[in-house]
Number of protein chains: 2
Amino acid sequence: MNSSAPLTAPISAAISSRQLQAFVALARLRSFTRAAAECHLSQPAFSALIQGLEQAAGARLFERSTRHVALTVEGEVFERSAAPLLAQLQQALAELRDHATLRRGKVSLALLPSLAAGWLPGLLQRFRADYPGVELQVADVLSEPCVARVREGQADLAIATVRVDTPELRAEPFSSDRFHLVCPAGHDLLERPRLMPRDLLPHPFIHLARHSSVRQLLDAAVHPLQMRTLMEVEQLATVMGMVRAGLGLSVVPGFSLFHFNTQPGLATRELRWKGLHRQLFLIRRRDRELSTAARALYELMLANRP
Amino acid sequence: MNSSAPLTAPISAAISSRQLQAFVALARLRSFTRAAAECHLSQPAFSALIQGLEQAAGARLFERSTRHVALTVEGEVFERSAAPLLAQLQQALAELRDHATLRRGKVSLALLPSLAAGWLPGLLQRFRADYPGVELQVADVLSEPCVARVREGQADLAIATVRVDTPELRAEPFSSDRFHLVCPAGHDLLERPRLMPRDLLPHPFIHLARHSSVRQLLDAAVHPLQMRTLMEVEQLATVMGMVRAGLGLSVVPGFSLFHFNTQPGLATRELRWKGLHRQLFLIRRRDRELSTAARALYELMLANRP
DNA sequence: CGATCTTACGGGATTCGTAAACATA
DNA sequence: TATGTTTACGAATCCCGTAAGATCG
């Protein structure tokens with residue numbers, strides 16, 4: 001038994017896109033010579049292409065003499081399908097190549113509000129300049145929802161503070177930031193040579209919500225019950241407004257300093273307390289590779305860590 | 001210059017239907033081994049097929065490890081086009097093969113009413129038994145309209161009495177028939193040893209319309225002004241009714257004898273007068289070959305001439 | 001006889017299947 | 001380690017382009 005002989009095709013005869021192109025070109029130009037030229041083939045090679053198609057189809061598709069080339073009735077039947085078929089195929093390939101070359105695509109990213117407002121915009125500006133056709137979706141939510149979005153496939157990537165190395169999710173260290181005291185300009189805490197946790201206790205304090213990573217780390221460094229909690233708010237922008245109004249002081253992550261540094265009447269001071277720093281992780285699914293578009297954003301993020 | 005090197009594809013990369021089939025099978029089965037088996041290929045050959053497709057597409061379409069095969073995002077993009085594309089291609093080929101094997105198709109035939117009523121039905125019964133899927137269109141009209149229909153592409157074939165050998169049309173001799181006297185049974189013309197044209201003159205005569213071939217040939221043999229014309233009618237069936245009612249007698253072509261031979265009270269007698277016979281031609285276009293279906297009918301007609 | 005399609009043919013690329021190497025759970 | 005994909009490789013096949021042949025107007 002000759003085991004190396006190719007087996008017969010399982011369902012249909014093999015048709016190549018080049019045969020389809022040749023057919024459509026010949027049906028349009030009605031000349032082997034001209035159609036061969038359009039397909040960048042020698043005329044005999046082109047002829048063989050058509051013959052192969054006719055053989056695969058099981059019917060003569062063109063009537064030809066040396067002076068005349070025309071579709072047979074069967075050829076007309078096939079033409080009605082072949083022309084749109086070829087167009088669809090080429091569109092499908094073009095669409096695919098668009099995705100591969102980042103002329104089209106979609107990336108969805110979930111990350112902490114502080115990064116979304118401060119660091120991300122400049123990054124996305126560059127990304128959009130390079131790949132204007134790629135659709136972007138950003139979810140500026142806290143760590144837990146960030147991770148949930150990746151887990152549920154709603155986001156390709158997330159930046160969050162939770163190290164989730166599960167069978168589903170892969171987390172890699174991305175960046176870290178320190179925390180900063182924010183208070184009205186000229187506040188006496190700004191002058192102390194060494195600022196300790198207990199130094200904050202006498203002052204009215206604007207807390208962030210308990211589920212925020214900032215709050216949780218701060219609670220670990222300074223027992224909350226000992227503090228003079230003035231209020232709890234959700235947004236860092238609100239913290240900024242409260243402190244600027246002189247209602248109290250607060251502690252915010254470095255990535256959100258852009259909220260405060262540009263505000264007249266406000267001052268900040270880095271807190272170098274042990275344990276009071278945030279580790280950020282880049283989180284993605286384990287079971288899916290990133291799409292080309294997502295990988296491009298991933299690379300750009302890694303190359304431009306805050 | 002290496003002139004035998006294949007030139008690059010003109011527009012799109014070459015994709016074969018086998019690659020499309022392989023892609024769809026792999027997307028469905030998510031296993032190279034099983035998909036290769038379904039495509040009747042060795043697994044490495046199948047793998048190469050997919051790799052070739054990915055190369056042509058310019059993007060990786062599957063994420064694969066030894067334990068897991070899944071579509072990439074780009075693969076999903078392509079799948080949306082590929083599956084319907086393959087289905088359409090296979091349907092187009094099936095349709096084409098149906099036409100080639102006469103499971104489908106269409107033939108239109110124009111021929112004289114006498115043939116349409118007498119000879120054709122039995123022929124078409126056989127044709128339909130062999131090719132039940134082929135649509136038939138019959139125009140039972142006189143010679144001139146028969147020819148016109150072929151000339152205008154409304155009919156594939158015609159049987160008519162005019163020899164039209166023009167640059168457009170090809171006519172080949174098909175058959176011929178003689179003319180017959182029809183009269184009430186027991187009429188004295190039936191008894192004469194030799195029946196001559198002038199023997200008809202004393203009797204009331206039922207004429208066919210002037211544009212019919214029967215009438216024109218009869219007028220050439222017997223001057224119409226000398227005849228006792230009772231009336232002119234269009235249809236041979238009307239002639240039959242008139243003669244059966246004893247109103248007169250008439251002359252009809254042999255192919256229409258089936259109208260008369262089975263009628264009680266009627267008799268016929270062949271007229272062997274010089275020039276009084278009809279030559280029938282099979283007419284088709286010169287610039288188009290017959291479709292497979294039309295050719296089948298053509299062969300059947302030739303093999304079963306009246 | 002001139003334009004055009006088909007056949008013939010040699011060389012190189014392609015693709016097959018078997019076997020071995022490689023990778024991951 | 002076991003299952004499943006990729007690489008390696010020799011052989012058969014396919015496909016190209018050139019050249020010669022056939023055919024119709």
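Numbers restart at 1 for each chain; the letters A, B, ... are given by sequence-line order, proteins then strands.
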Using residues 297-306 of chain A as the side-chain source, report each donor-acceptor pair under 3.5 Å to any protein atom, sequence neighbours left out, with the distance given to one decimal.
{"from": "Tyr298(A)", "atom 1": "OH", "to": "Glu172(A)", "atom 2": "OE1", "distance (Å)": "3.3"}
{"from": "Tyr298(A)", "atom 1": "OH", "to": "Glu172(A)", "atom 2": "OE2", "distance (Å)": "2.4"}
{"from": "Tyr298(A)", "atom 1": "OH", "to": "Arg284(A)", "atom 2": "NH2", "distance (Å)": "3.4"}
{"from": "Asn304(A)", "atom 1": "OD1", "to": "Arg126(A)", "atom 2": "NH1", "distance (Å)": "3.3"}
{"from": "Asn304(A)", "atom 1": "OD1", "to": "Arg126(A)", "atom 2": "NH2", "distance (Å)": "2.8"}
{"from": "Asn304(A)", "atom 1": "ND2", "to": "Leu300(A)", "atom 2": "O", "distance (Å)": "2.8"}
{"from": "Arg305(A)", "atom 1": "NE", "to": "Leu302(A)", "atom 2": "O", "distance (Å)": "3.4"}
{"from": "Arg305(A)", "atom 1": "NH1", "to": "Phe174(A)", "atom 2": "O", "distance (Å)": "2.7"}

Give every donor-acceptor pair under 3.5 Å between a side-chain atom in residues 44-61 of chain B and any protein atom, sequence neighbours left out.
{"from": "Glu54(B)", "atom 1": "OE1", "to": "Arg64(B)", "atom 2": "NH1", "distance (Å)": "3.1"}
{"from": "Glu54(B)", "atom 1": "OE1", "to": "Arg64(B)", "atom 2": "NH2", "distance (Å)": "3.2"}
{"from": "Glu54(B)", "atom 1": "OE2", "to": "Leu61(B)", "atom 2": "N", "distance (Å)": "2.8"}
{"from": "Glu54(B)", "atom 1": "OE2", "to": "Phe62(B)", "atom 2": "N", "distance (Å)": "3.2"}
{"from": "Glu54(B)", "atom 1": "OE2", "to": "Arg64(B)", "atom 2": "NH1", "distance (Å)": "2.7"}

May I have the distance from Phe32(B) (atom CZ) to dT6(D) (atom C1'), rounded to whole angstrom?
9 Å
Select one nucleotide: of dT6(C), dG4(D), dC16(C), the one nearest the side-chain heavy atoms of Leu41(B).
dC16(C)
Which is true for Ser47(B) with a 4.0 Å heavy-atom rule: it touches a base, it touches only sugar-phosphate, or it touches nothing?
sugar-phosphate
Contacts of type side-chain hydrogen bond (donor to acceptor under 3.5 Å, both in side chains), residue Arg288(A), not counting sequence neighbours:
Glu76(B)
Any side chain to side chain donor-acceptor pair (under 3.5 Å) pairs touching residues 159-169 of chain A, not counting sequence neighbours?
Ser143(A)-Thr161(A), Asp165(A)-Arg286(A)
I'd like to know if the side chain of Thr72(A) pairs up with that of Glu289(B) as donor and acceptor (distance under 3.5 Å, no hydrogens or angles considered).
no
If you look at every strand shown and take non-hydrogen atoms under 4.0 Å, does Ala45(B) touch a base, only sugar-phosphate, or nothing?
sugar-phosphate
Please pick, from dT6(C), dT6(D), dC16(C), the nucleotide with the shortest atom-to-atom distance to any side-chain atom of Arg64(B).
dT6(D)
In chain order, what residues pass the side-chain hydrogen bond (donor to acceptor under 3.5 Å, both in side chains) check against Arg104(A), with sequence neighbours excluded?
none
note: Glu63(B), atom CD; dA23(C), atom P; distance rounded to Å ~ 19 Å
Sequence-distant partners of Gln154(A), side chain to side chain contact (heavy atoms under 4.5 Å, CB included), two or more places apart
Arg149(A), Glu152(A)
Heavy-atom protein contacts under 4.0 Å, nucleotides 20-25 of chain D, coded B base, S sugar-phosphate only, - none
---BBS
Rounding to 10°, can you tell me the angle the first-five-pair axis of the helix from dC1(C)-dG25(D) to dA25(C)-dT1(D) makes with its last-five-pair axis?
40°
Go through the structure and list residues passing salt bridge (Lys or Arg N to Asp or Glu O under 4.0 Å) with Arg80(A), not counting sequence neighbours.
none
Mind checking if Gln51(A) touches a base, just sugar-phosphate, or nothing, with heavy atoms under 4.0 Å?
sugar-phosphate
Counting side-chain heavy atoms from CB outward, which of dT6(D), dC16(D), dT5(D) is closest to Leu49(A)?
dC16(D)
